[in-house]
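Counting begins at 1 with the first residue of the sequence. For ligands, and for the atoms within them, numbers begin at 1 and follow the listed sequence. Because only heavy atoms are used, hydrogens play no part in the values below, and waters and symmetry mates are left out as well, while side chains stay in.
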Amino acid sequence: MKVLYTREQLQQWRDDVEASGSPTAAVMTMGALHAGHGELVRVAKEQLPDDGELIVTIFVNPLQFGANEDLDKYPRTVESDLALVKSLGATAAFVPTEDVMYPNGRPATIVDPGPLGKLLEGQARPEHFAGVLTVVAKFLNLLGVDAAYFGEKDYQQLTLIKQMVNDLDLPVRIEPVPTVRDPDGLAMSSRNRYLSAAARQRALAIPAAIQAGRQAAATGANAQEIEHVAMACLEAVPDDSEVAAIPVDIQYVVVRGTDLGEPPKRGEARLILTVVVDGTRLLDNARVDLSAAAGKEPG
Ligand code: PAF
């Protein structure tokens with residue numbers, strides 16, 4: 001696996017790949033890699049032909065951190081990240097510094113995510129998605145890949161990236177990859193490492209809420225009822241007093257259309273929620289099927 005640090009090295013990689021005519025794919029990360037990222041690499045690799053080139057980027061993007069969010073505390077584990085993606089078959093890694101990505105400092109031109117960027121995560125993190133879309137647009141331009149893989153775990157991010165690619169006619173295919181969960185059901189996230197044992201126990205209400213929402217949908221609940229069932233799961237006070245003492249702040253629990261618009265009366269929708277557990281912001285979501293609810297409606 002080639003490890004590239006500069007724009008010149010990246011350009012050389014692009015020239016070599018173009019000369020070989022190999023199809024290309026990218027997985028973008030901020031490092032601190034876990035099995036969820038591993039799955040992005042695995043799926044990308046699986047979908048590429050044998051001669052395909054898979055590049056992984058590792059860059060903690062300052063633009064997507066708010067003033068009150070501690071950029072310096074973000075875990076940095078580059079050596080083990082490189083070992084992981086190499087073991088999974090990535091053929092190149094691009095690990096730029098801030099100066100390489102933003103040679104003129106903070107860019108004057110920023111991608112505006114539009115109204116969808118102000119909802120849900122955008123309410124608590126107003127600058128976040130503009131920072132994400134700006135760095136993703138830059139990476140797409142710098143890498144010139146045929147496809148880029150993003151996790152469904154960050155469903156709003158994935159939706160906004162698809163929107164940007166569509167709105168701006170960027171010549172790349174965006175491929176979603178299903179969420180990976182630990183055996184206890186918690187969706188994998190770099191932030192899970194901040195949870196104490198008791199906080200993690202409390203956080204298990206999140207996959208339980210997702211599961212309960214999906215089950216309610218299967219038995220005919222409508223969007224509002226699904227939200228209610230999931231909320232009740234999150235609010236249930238655990239038996240264990242140490243777990244019950246963990247502070248929990250439910251940010252939102254919503255059922256939306258797959259494009260984050262109003263949920264449809266019938267068909268596929270998304271149950272999306274965010275809960276801050278003991279100071280750690282945890283996101284989760286899953287597909288819910290509203291067909292059973294529609295079937296119950298009169299007329
Ligand atoms: O999902 C992430 O890790 C980041 O938001 C991304 C897409 C790599 C942009 O910095």
Side-chain angles (χ1 to χ4, degrees), residues 4 10 25-44 54-66 69-78 80-82 84-85 88 90 92-98 100-102 106-107 110-113 116-117 120-122 124-143 145 147-165 168 170 172-180 187-194 272 274 280-285:
L4 318 167
L10 182 64
V27 170
M28 297 175 200
T29 79
M30 297 210 298
L33 302 187
H34 50 68
H37 297 105
E39 180 66 1
L40 297 178
V41 176
R42 195 194 64 74
V43 171
L54 174 57
I55 186 162
V56 176
T57 67
I58 301 175
F59 177 62
V60 183
N61 173 34
L63 238 52
Q64 67 190 75
F65 287 78
E69 297 170 20
D70 206 341
L71 169 66
D72 296 334
K73 270 210 195 134
Y74 197 85
R76 284 158 172 90
T77 56
V78 176
S80 56
D81 293 344
L82 289 173
L84 175 71
V85 298
L88 293 172
F94 180 43
V95 192
T97 58
E98 240 179 272
V100 168
M101 276 313 278
Y102 300 116
R106 195 187 165 80
I110 298 283
V111 179
D112 180 352
L116 277 191
L120 309 177
E121 283 307 283
R125 310 183 72 193
E127 311 293 319
H128 176 65
F129 288 119
V132 170
L133 293 189
T134 302
V135 83
V136 169
K138 280 171 73 78
F139 273 127
L140 289 175
N141 285 330
L142 288 169
L143 304 174
V145 286
Y149 289 73
F150 294 91
E152 287 182 346
K153 154 83 175 30
D154 295 308
Y155 192 80
Q156 191 175 7
Q157 167 173 287
L158 170 66
T159 307
L160 286 167
I161 290 170
K162 286 200 270 190
Q163 173 188 272
M164 171 179 75
V165 163
L168 302 184
L170 301 182
V172 65
R173 231 170 48 243
I174 299 300
E175 298 283 359
V177 177
T179 302
V180 181
M188 287 196 182
S189 161
S190 307
R191 295 187 188 139
N192 292 354
R193 68 185 71 199
Y194 301 129
I272 307 175
T274 287
T280 298
R281 193 171 182 88
L282 300 174
L283 285 63
D284 206 342
N285 72 87

- Atoms in ligand 1 with a heavy atom of Met28 nearer than 4.0 Å: 8 (C)

- Task: Pull out every atom of ligand 1 sitting under 4.0 Å from any heavy atom of Val135, numbered as shown with elements.
- Result: 9 (C), 10 (O)

- Query: Does Val177 offer a backbone N or O that forms a donor-acceptor pair with the side chain of Glu39 under 3.5 Å?
  - Reply: no

- Message: Given 3.5 Å as the limit, does a donor-acceptor pair link the side chain of Asn285 with the main chain of Lys153, or not?
- Response: yes

- Could you check atom 4 (C) of ligand 1 against the protein and tell me its nearest heavy-atom contact, residue, atom and distance included? Gln64 NE2, 3.7 Å

- So which heavy atom in the protein is nearest atom 1 (O) of ligand 1, and how far is it from that ligand atom? Gln157 NE2, 2.8 Å

- Message: Could you walk me through whether Tyr102 and Val135 satisfy the side chain to side chain contact (heavy atoms under 4.5 Å, CB included) test, starting with their C-alpha distance in whole Å, then the side-chain angles of each, then the deciding distance to 0.1 Å, before giving a yes or no?
- Response: CA-CA 9 Å; Tyr102 300 116; Val135 83; 3.5 Å; yes

- Message: Check this for me - ligand 1, Thr29, N or O atoms closer than 3.5 angstrom, yes or no?
- Response: no

- Message: Suppose we screen for side-chain hydrogen bond (donor to acceptor under 3.5 Å, both in side chains). Which residues come up paired with Gln156, at least two apart in sequence or across chains?
- Response: none

- For Thr57, all residues meeting side-chain contact (heavy atoms from CB on, under 4.5 Å), sequence neighbours excluded: Met28, Phe94, Phe139, Leu143

